[in-house]
Amino acid sequence: MAFQEINSKMVQATVAPGQRLFSQRGAMLAYRGEVSFTPNLRGGQGGVMSMIGRRVANEDTPLMTVEGSGTVFFGHGGHHVQVINLSGDTLYVEADRLLAFEGTLEQSTVFLGSQGGVMGMVRGQVSGQGLFTTSLKGHGSVAVMAHGGVFEVPITPQRPVRVDPQAYVAHHGDVRNKLSTALGWRDMVGRGSGEAFQLELSGSGTVFVQASEEKL
């Protein structure tokens with residue numbers, strides 16, 4: 001496991017020769033050893049298409065490639081940091097909540113409309129959040145950010161979970177997502193949270209939810 005939680009707002013990562021990490025720009029708090037930080041224009045293992053997706057999603061700041069030999073401490077904005085370990089599965093994480101991840105993971109950008117249809121587009125337009133989610137697949141660990149802490153909610157075939165889209169952080173497993181509204185179109189004006197929209201997750205897996213509706 002590359003990331004070790006130091007406290008609720010900081011993680012430590014060991015960097016070894018021949019290995020690399022990717023982090024959000026500005027996430028490095030301190031480091032020891034011979035470590036380099038280089039803007040990554042290829043978007044991790046996802047290549048140029050992942051980069052294009054991030055540009056369309058208004059994520060103009062590239063990831064940083066972290067290489068060398070030493071120890072790096074990551075955190076950002078005083079937000080809560082949660083470490084998620086992957087064992088060959090895929091994690092879908094709200095792109096602006098991604099703090100850092102191991103270079104062993106394959107990164108790509110997923111258009112929410114691919115599962116959510118038109119409602120995926122509505123989410124981005126009305127709630128003010130992006131249309132794109134980052135997926136990370138393989139074996140490795142990921143550090144994500146949230147407001148007020150993170151709690152895990154299990155998703156089972158018999159018990160789908162409904163989440164306020166602005167409280168959604170990430171999910172993994174064999175899960176389908178669908179956005180629905182509990183209000184009429186006239187009532188939705190000016191409402192971007194769970195008052196108007198609910199993200200329904202069904203199947204088998206886990207969803208990570210932050211203890212706040214505040215966006216990063």
Side-chain angles (χ1 to χ4, degrees), residues 1 3 5 7-11 24 27 57 59 74-87 89-101 105 107 109-117 119-137 140-183 188 191-216:
M1 182 174 65
F3 299 105
E5 297 180 358
N7 55 43
S8 63
K9 299 180 180 181
M10 182 187 303
V11 294
Q24 184 180 118
E59 298 175 61
F74 293 108
H76 196 275
H79 301 308
H80 175 89
V81 179
Q82 177 85 13
V83 175
I84 302 172
N85 298 306
L86 300 179
S87 300
D89 49 339
T90 301
L91 177 74
Y92 298 89
V93 56
E94 199 68 72
D96 58 359
R97 304 185 191 279
L98 185 59
L99 180 69
F101 61 95
L105 297 172
Q107 178 200 7
T109 303
V110 179
F111 181 55
L112 289 178
S114 65
Q115 291 191 43
M119 292 309 298
M121 298 180 65
V122 170
R123 176 189 176 191
Q125 295 300 320
V126 180
S127 74
Q129 292 181 271
L131 298 178
F132 291 86
T133 297
T134 298
S135 69
L136 297 167
K137 180 180 181 180
S141 58
V142 185
V144 300
M145 299 180 290
H147 277 286
V150 173
F151 59 99
E152 301 179 29
V153 182
I155 305 166
T156 64
Q158 295 76 28
R159 301 189 67 178
V161 178
R162 294 173 177 84
V163 179
D164 183 327
Q166 293 187 16
Y168 168 84
V169 175
H171 76 270
H172 66 77
D174 185 12
V175 175
R176 296 281 301 173
N177 70 74
K178 179 178 67 175
L179 255 144
S180 60
T181 176
L183 301 174
M188 285 193 296
R191 300 185 183 184
S193 68
E195 297 174 358
F197 296 101
Q198 296 176 353
L199 178 63
E200 180 179 317
L201 300 149
S202 59
S204 299
T206 301
V207 58
F208 298 84
V209 183
Q210 71 172 13
S212 169
E213 294 179 353
E214 186 175 353
K215 294 182 290 184
L216 299 183

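The figures that follow rest on heavy atoms only: side chains count, while hydrogens, waters and symmetry mates do not.
Once rounded to the nearest 0.5 Å, the distance linking CG of Leu99 with CZ of Phe3 reads 7.5 Å. Note that CG of Asp96 and CE of Met145 are 7.0 Å apart. Values are rounded to the nearest 0.5 Å. For the atom pair CD (Gln158) and OG (Ser204), the distance works out to 8.0 Å, reported to the nearest 0.5 Å.
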Exercise for the section: Starting from the C-alpha separation in whole Å, work towards a yes-or-no answer on side-chain contact (heavy atoms from CB on, under 4.5 Å) for Ile84 and Phe208. Expected result: CA-CA 10 Å; Ile84 302 172; Phe208 298 84; 3.8 Å; yes

Determine whether Gln82 and His80 satisfy the following criterion, side-chain contact (heavy atoms from CB on, under 4.5 Å), listing intermediate values before the conclusion. CA-CA 7 Å; Gln82 177 85 13; His80 175 89; 3.5 Å; yes

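Side chains of Val83 and Asn85 form a contact here, defined as non-hydrogen atoms less than 4.5 Å apart. You'll find the side chain of Phe74 stays beyond 4.5 Å of the side chain of Val81, heavy atoms only.
Residues Leu86 and Leu136 come closest through the heavy atom pair CD1-O, 3.4 Å. Summarising the geometry of Leu199 relative to Tyr168, their closest heavy-atom pair is CD2-CD1, 3.7 Å, with the distance given to 0.1 Å. The minimum heavy-atom distance between Val11 and Ala143, with the atom names listed, is CG2-CB, 4.3 Å. Here the shortest heavy-atom pairing between Ser141 and Leu105 reads O-CD1, 3.8 Å. Closest non-hydrogen pair, Ala95 versus Thr134, comes out as CB-OG1, 3.5 Å. Among all heavy-atom pairs drawn from His172 and Thr90, the shortest one is CB-O, 3.1 Å.
The salt bridge (Lys or Arg N to Asp or Glu O under 4.0 Å) test applied to Glu200 returns Arg162, not counting sequence neighbours. Partners of Ser202 according to the side chain to side chain donor-acceptor pair (under 3.5 Å) rule, which considers only residues two or more places apart in sequence or in another chain, do not exist here.
For the side chain to side chain donor-acceptor pair (under 3.5 Å) test with Gln210, the passing option among His147, Gln166, Arg97, Glu94 is Arg97; the others fail. Screening Val161, Ile155, Val207, Thr206 for a side chain to side chain contact (heavy atoms under 4.5 Å, CB included) involving Val175 leaves a single residue, Ile155.
Between His79 and His76, the ring planes are parallel. Angles under 30° get that label, and only those over 60° would be called perpendicular.
Side chain of Gln24 to backbone of Leu98: a donor-acceptor contact under 3.5 angstrom is found.
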